[in-house]
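What you see is a predicted model; the values in this text were computed from it and never measured. Quick note on labels: first sequence line is chain A, next is B, and so on, each numbered from 1.
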There are 2 protein chains.
Amino acid sequence: MASREEREAFVTLATNDTYALGCLVLGNSLQQASTTRKIVVLVTTGVSNSMRNQLSRVFDLVQEVNLLDSRDSSNLQLLGRPDLSCTFTKLHCWRLTQFDKAVFLDADTLVLRNVDELFDREELSASPDAGWPDCFNSGVFVYKPSEETYQSLLHFALTQGSFDGGDQGMLNIYFRDWATKDISKHLPFIYNVVSQAFYSYLPAFTQFKNDVKIVHFIGATKPWHHTYNTSSGKVIPLPESGHSEEFLQMWWKIFMDLVQPALDPTLGGLVGEL
Amino acid sequence: MASREEREAFVTLATNDTYALGCLVLGNSLQQASTTRKIVVLVTTGVSNSMRNQLSRVFDLVQEVNLLDSRDSSNLQLLGRPDLSCTFTKLHCWRLTQFDKAVFLDADTLVLRNVDELFDREELSASPDAGWPDCFNSGVFVYKPSEETYQSLLHFALTQGSFDGGDQGMLNIYFRDWATKDISKHLPFIYNVVSQAFYSYLPAFTQFKNDVKIVHFIGATKPWHHTYNTSSGKVIPLPESGHSEEFLQMWWKIFMDLVQPALDPTLGGLVGEL
Ligand SMILES: O=c1ccn([C@@H]2O[C@H](COP(=O)(O)OP(=O)(O)O)[C@@H](O)[C@H]2O)c(=O)[nH]1
Ligand SMILES: O=c1ccn([C@@H]2O[C@H](COP(=O)(O)OP(=O)(O)O)[C@@H](O)[C@H]2O)c(=O)[nH]1
Ligand SMILES: [Mn+2]
Ligand SMILES: [Mn+2]
């Protein structure tokens with residue numbers, strides 16, 4: 001029988017080549033942190049073959065998922081909710097039933113140190129969302145793959161929708177006792193620190209900064225939207241993104257050292273200016 | 001023996017006449033919500049006699065606390081930490097040992113509905129801070145008055161200081177297991193909704209707005225800094241305070257209906273423009 005390490009996985013998702021660049025940085029950051037678990041990326045038809053080749057150099061498994069032709073997608077059209085299709089794509093992570101347990105990580109997260117201890121937690125464990133902390137942030141969560149749960153989530157999403165139009169609003173209603181029931185399902189905030197936290201409560205950020213394990217670049221501006229000065233080796237943050245420059249610099253260091261050199265030149269053009 | 005209702009209290013604090021106006025609105029909001037518990041305000045010498053008279057019309061007890069001449073204060077000077085004196089003033093709430101249990105409320109909070117169920121919680125119960133949600137926000141907390149705890153907190157504050165220079169940073173280190181130990185000590189966020197929450201996660205704010213029980217106007221701009229148009233009966237929010245206009249309007253309605261009419265004309269001048 002396979003060892004525990006082989007039955008547990010980190011899982012991320014990209015629906016296009018741009019987000020796939022985020023996955024490449026994330027995957028490398030997991031390797032740098034010497035994870036002993038499998039790492040998996042879900043891709044849709046929007047990810048090019050060239051990019052899939054890149055992904056397969058870093059990930060143990062590049063799993064195609066496709067909702068666009070499925071009955072679910074026609075249901076979404078029927079319900080007039082095509083906006084939920086990205087939400088539904090994330091739900092596919094529950095179908096990876098070759099694993100006993102998994103940790104989903106958004107493509108815009110960055111792992112700063114080994115976080116394999118997350119696999120000791122149960123479904124659904126997640127960190128509080130800094131905006132409304134009785135909701136969990138769905139950029140990092142521990143879950144148990146299960147076809148049954150997938151079907152149940154899908155049914156729920158189709159009938160209830162999502163209060164924020166995304167997976168977070170839907171998952172928070174489905175796993176609605178998260179805020180009140182079991183403290184062990186509250187991952188410490190250091191497992192999902194929004195890169196803007198230094199702005200909302202600077203003294204706490206300063207106090208706990210060295211404990212941060214996973215950074216999450218939430219919002220419309222992503223790390224790859226900033227520019228990078230190749231001669232100085234420094235990121236040039238866009239004004240008003242609110243991203244911590246220190247964390248951005250870490251993202252770009254991995255990108256420049258480990259991702260960019262191997263990229264097809266046409267793919268590099270997806271990223272800011274190099 | 002006194003009834004449970006008489007042995008439990010809501011407690012707030014003002015060190016000057018401006019914050020005392022906040023206490024007056026808060027006290028009235030508790031009365032409007034038909035609390036069955038006692039309501040107490042701690043004041044320092046910075047609060048005028050005229051304002052104390054106003055406070056005693058609304059509060060069951062106006063308790064003078066004075067740190068300026070105390071040994072503690074000279075200790076603060078000694079430690080070069082005079083900035084902590086306001087922090088220390090809040091700690092005085094633990095000395096109200098005539099009560100078995102108490103709920104501290106910042107002077108910049110507003111109670112929208114009855115919250116007497118808070119007295120079923122144990123020390124230290126508080127809501128997560130939206131900025132760094134593994135810290136609790138110290139604007140609303142349930143505690144047990146105790147001279148011993150007070151001395152212990154004072155000693156801790158003198159020796160450890162506070163990572164944010166205020167009571168929140170100090171209390172979060174003293175009660176450091178809040179984030180990880182007991183979910184029942186996590187008050188739902190609706191007991192301490194920062195008035196800026198609609199900005200940080202609008203869909204959640206919209207979804208849960210009608211459940212909000214206590215609003216907290218954190219930050220440098222307080223409700224009394226905005227202006228109010230007496231002919232239209234509408235608050236005119238300062239730009240960039242980030243305060244929800246709806247909540248501000250509730251604060252001002254209580255202020256104009258119940259507080260302002262009884263004020264000494266010289267005190268009214270403390271508030272925006274009337
Ligand atoms: O066009 C998209 C949008 C999102 N995602 C995936 O869905 C996650 C959640 O979206 P995002 O991180 O942009 O949301 P935020 O964290 O900013 O709320 C991303 O990290 C990706 O893994 C994707 O693949 N393509
Ligand atoms: O000059 C001051 C500052 C603060 N406070 C009291 O301490 C609480 C905490 O300060 P504040 O609410 O201004 O801090 P914030 O919630 O914005 O962090 C106030 O609500 C008051 O009860 C006071 O009486 N006088
Ligand atoms: Mn994200
Ligand atoms: Mn306050």
Chain A contact via B:Ala179 - which portion, at a heavy-atom distance below 4.5 Å: backbone
Neighbour count above 12 (heavy atom, 6.0 Å) for B:Arg176 CZ: no
Side chain, backbone, both or neither of B:Val194 within contact of chain A (heavy atoms, under 4.5 Å): neither
Aromatic plane relationship, A:Phe163 with B:Tyr201 - under 30° parallel, 30 to 60° tilted, over 60° perpendicular: tilted
Segment of B:Ile218 engaging chain A (4.5 angstrom heavy-atom cut-off): neither
Test item: B:Asp164 side-chain N/O and A:Pro203 main-chain N/O as donor-acceptor pair under 3.5 Å: no
A:His186 side chain reached by B:Thr180 side chain, heavy atoms, under 4.5 Å: no
From B:Phe189 atom CZ to A:Cys135 atom SG, the distance as rounded to the nearest 0.5 Å: 9.5 Å
Approximate separation, where rounding is to 0.5 Å, of B:Ser162 OG and A:Gln207 CD: 9.0 Å
Other residues, nucleotides, ligands: >12 heavy atoms within 6.0 Å of A:Glu245 CD: no
Least distance between heavy atoms, A:Gly131 atom then B:Ala130 atom: O-CB, 4.3 Å
Under 3.5 Å donor-acceptor, B:Asp134 side chain and A:Pro188 backbone: no
